[in-house]
Protein chains: 2
Amino acid sequence: MPDRKRNPEIPIRTAVANEDGIDFTLIELFFFAYRDFTSDPDEMLADYGFGRAHHRVLHFVNRRPGLTVAELLEVLKITKQSLARVLKQLIDTGHIVQLQGPRDRRQRELYPTAKGRALALALARPQSRRIHTALQDAGAGDRAFVEDFLKAMVNPELRTQIDASPRNQE
Amino acid sequence: MPDRKRNPEIPIRTAVANEDGIDFTLIELFFFAYRDFTSDPDEMLADYGFGRAHHRVLHFVNRRPGLTVAELLEVLKITKQSLARVLKQLIDTGHIVQLQGPRDRRQRELYPTAKGRALALALARPQSRRIHTALQDAGAGDRAFVEDFLKAMVNPELRTQIDASPRNQE
DNA sequence: AAAAATATGTCAACAGTGCTGACATATTTT
DNA sequence: AAAATATGTCAGCACTGTTGACATATTTTT
């Protein structure tokens, strides 16, 4: 065994590549892919003084108009204090409006305005284009498989939420 | 047209679903999938007082042992000031060691220690398991297509970097 | 009707990770 | 000898997440 007193830190010079059958290639690709996937809207958001968090809120309010604050927190898995900052900005800038819940007046239903809808579409456009191009560039295989794969990557208990969004069926 | 004086913010009540042929379903799934994909290591890292940034550094140092600080910055696309904080912690905790570059003594080659290798493997394990399970659960389609798709999602000019990592060929 | 629970909002402090700008040191290149 | 390069470091800032505490309005329970 190595002399830890003299060589407390022995450098490992071999690259990790398949130990224990771990798929480092896909792990790494997922990181690169997601980073570039978010880079397009990130740049656009900077012009508005918004960040990625604003994008997420805007996205889900457009996908599920009328969802309550509590529902939005549940989908995003963040705290209300985190949401408050970005939601306030989106309301102040006229991208989102709040309506008092019809049944329960404590609730605040969130809706996009025309401005908010337009921004959501503008942000999604380059992302959708990237996905579409990638599907074409990738070899044999179809969009349905990617959808199934990504859905299977999500924690089972959250897959119900996914189905709460309107389908993209054609 | 609406009276903007009285109704400055008209809520849109229809969900966005396919406007302009935008694939909101995959956009949304990519968000959920990546969030859950990173959640397993995130929890483990908390025990070490580390964050996601530490994971990335550890991953690439294990994938490309001996890479220099400049190369690491290039792969991660962050500034040296951002890297400095997390790299210092990984070195101080004995997960990574620096060796003076053999040709250029200004350079610092980064290597994982046995401890660093072990942690990298431990962090990758649940991620790889999730990918593997998802591939099985997803319908007809194979791993190669997912790899091709993810690679095609990455900015073209960065695909060279990807090939710098050892392949996962079996 | 009063009490408890719920939905939301807000204030304050803090952590992690990114940024820019400025400057220092060692080493290599010109 | 001078300039360029690789790395390190200090300081301050932004964004987005956290916890804890407390306030208000409304609904539900007792």
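Only a predicted model underlies this, so the values are computations on that prediction, with no experimental measurement involved. Just so it is clear: chains get the letters A, B, ... in the order the sequence lines come, proteins before strands, and each one is counted from 1. Side chains included, hydrogens not; waters and symmetry mates left out as well; all remaining heavy atoms used.
Checking the phosphate oxygens (OP1, OP2) of D/dG17, no side-chain nitrogen or oxygen of A/Thr79 falls inside 4.0 Å. Between B/His54 and the phosphate of C/dT17, there is a side-chain N or O to OP1/OP2 separation shorter than 4.0 Å. Dashed line: the shortest gap from a side-chain N or O of A/Gln100 to OP1 or OP2 of C/dT8 is not under 4.0 Å. Contact check, B/Arg56 against C/dG18: a side-chain N or O comes under 4.0 Å of OP1 or OP2. The phosphate of D/dT18 has OP1 or OP2 within less than 4.0 Å of a side-chain N or O from A/Ser82. Between B/Gln107 and the phosphate of D/dT5, there is no side-chain N or O to OP1/OP2 separation shorter than 4.0 Å.
If you measure from atom CD1 of A/Ile78 to atom P of C/dG9, you get 13 Å, rounded to the nearest angstrom. Here the P atom of nucleotide D/dC15 and the NE2 atom of A/His55 are 17 Å apart, to the nearest Å. Straight-line distance from the CG atom of B/Leu83 to the P atom of D/dT9: 11 Å, rounded to whole Å. Per the geometry, CG belonging to A/Leu45 stands 16 Å off C1' belonging to C/dG18, to the nearest Å. Atoms CG (B/Leu67) and C1' (D/dT7) sit 14 Å apart, rounded to a whole Å. Atom CZ in A/Arg105 sits roughly 15 Å away from atom C1' in C/dT8 (whole-Å rounding). Nucleotide D/dT26 holds its P atom 17 Å from the CZ atom of A/Arg103, rounded to whole Å. Atom CD of B/Glu74 is separated from atom C1' of D/dA6 by 14 Å (rounded to the nearest Å).
Among the protein residues, A/Arg52 comes within range of the sugar-phosphate backbone only, with heavy atoms under 4.0 Å from sugar or phosphate atoms but none that close to a base. Within the 4.0 angstrom heavy-atom criterion, only backbone atoms of the sugar-phosphate kind lie near A/Gln98; the bases stay farther away. Contacts of B/Glu109 with the nucleic acid, taken as non-hydrogen atoms under 4.0 Å apart, are absent. Across all strands shown, A/Lys80 has heavy atoms under 4.0 Å from base atoms, whether or not it also approaches the sugar-phosphate.
Checking each of A/Leu72, A/Leu73, A/Leu67 against A/Val69 for a side chain to side chain contact (heavy atoms under 4.5 Å, CB included) leaves exactly one that passes, namely A/Leu73.
Aromatic pair B/Phe31/A/His55: centroids not less than 6.0 angstrom apart. A distance below 6.0 Å separates the ring centres of A/Phe32 and B/Phe60.
Using bins of under 30°, 30° to 60° and over 60° for the plane-to-plane angle, the ring pair A/Phe145/B/Phe145 lands in the tilted bin. Between A/Phe149 and A/Phe30, the ring-plane angle classifies as perpendicular under the 30° and 60° cut-offs.
Both A/Pro102 and A/Gln89 lie close to DNA chain D; mapped to their nearest nucleotides by heavy-atom distance, the more 5′-ward contact belongs to A/Gln89. Residue B/Arg108 is the one, among A/Val86 and B/Arg108, whose nearest nucleotide of DNA chain D lies closer to the 5' end (criterion: closest heavy atom).
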Show me the donor-acceptor pairs, under 3.5 Å and distance only, between side chains in residues 120-127 of chain A and residues at least two apart or in other chains.
from: A/Arg125; atom 1: NH2; to: B/Asp20; atom 2: OD2; distance (Å): 3.0
from: A/Gln127; atom 1: NE2; to: A/Phe37; atom 2: O; distance (Å): 3.0

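Not a single donor-acceptor contact under 3.5 angstrom links the side-chain atoms of B/Arg106 to the base of D/dG8. Residue-to-nucleotide contacts include no donor-acceptor pair under 3.5 Å from the side chain of A/Arg85 to the base of C/dG9.
Pairs passing the salt bridge (charged side-chain N to carboxylate O under 4.0 Å, His left out) check and including a residue from residues 150-163 of chain B, sequence neighbours excluded, read B/Glu147-B/Lys151.
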Legend entry - Intra- and interstrand pairs of DNA chain C - dot-bracket, Watson-Crick/G-U under 3.5 Å, | marks other strand: ||||||||||||||||||||||||||||||
Inset, instruction - Step by step, work out the side-chain hydrogen bond (donor to acceptor under 3.5 Å, both in side chains) result for A/Asn155 and B/Arg35. - result: CA-CA 10 Å; A/Asn155 286 346; B/Arg35 183 180 64 183; over 6 Å; no
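Side-chain polar atoms of B/Glu109 and B/Thr68 form no donor-acceptor pair below 3.5 angstrom.
Listed nucleotides D/dT9, C/dT28, C/dT17 differ in distance to B/Gln81; the shortest reach to its side chain belongs to D/dT9. Side chain of A/Val69, nearest nucleotide from D/dT26, C/dT27, C/dT8: C/dT8. Nearest nucleotide to the A/Ala70 side chain, out of C/dT10, C/dT8, C/dG18: C/dT8.
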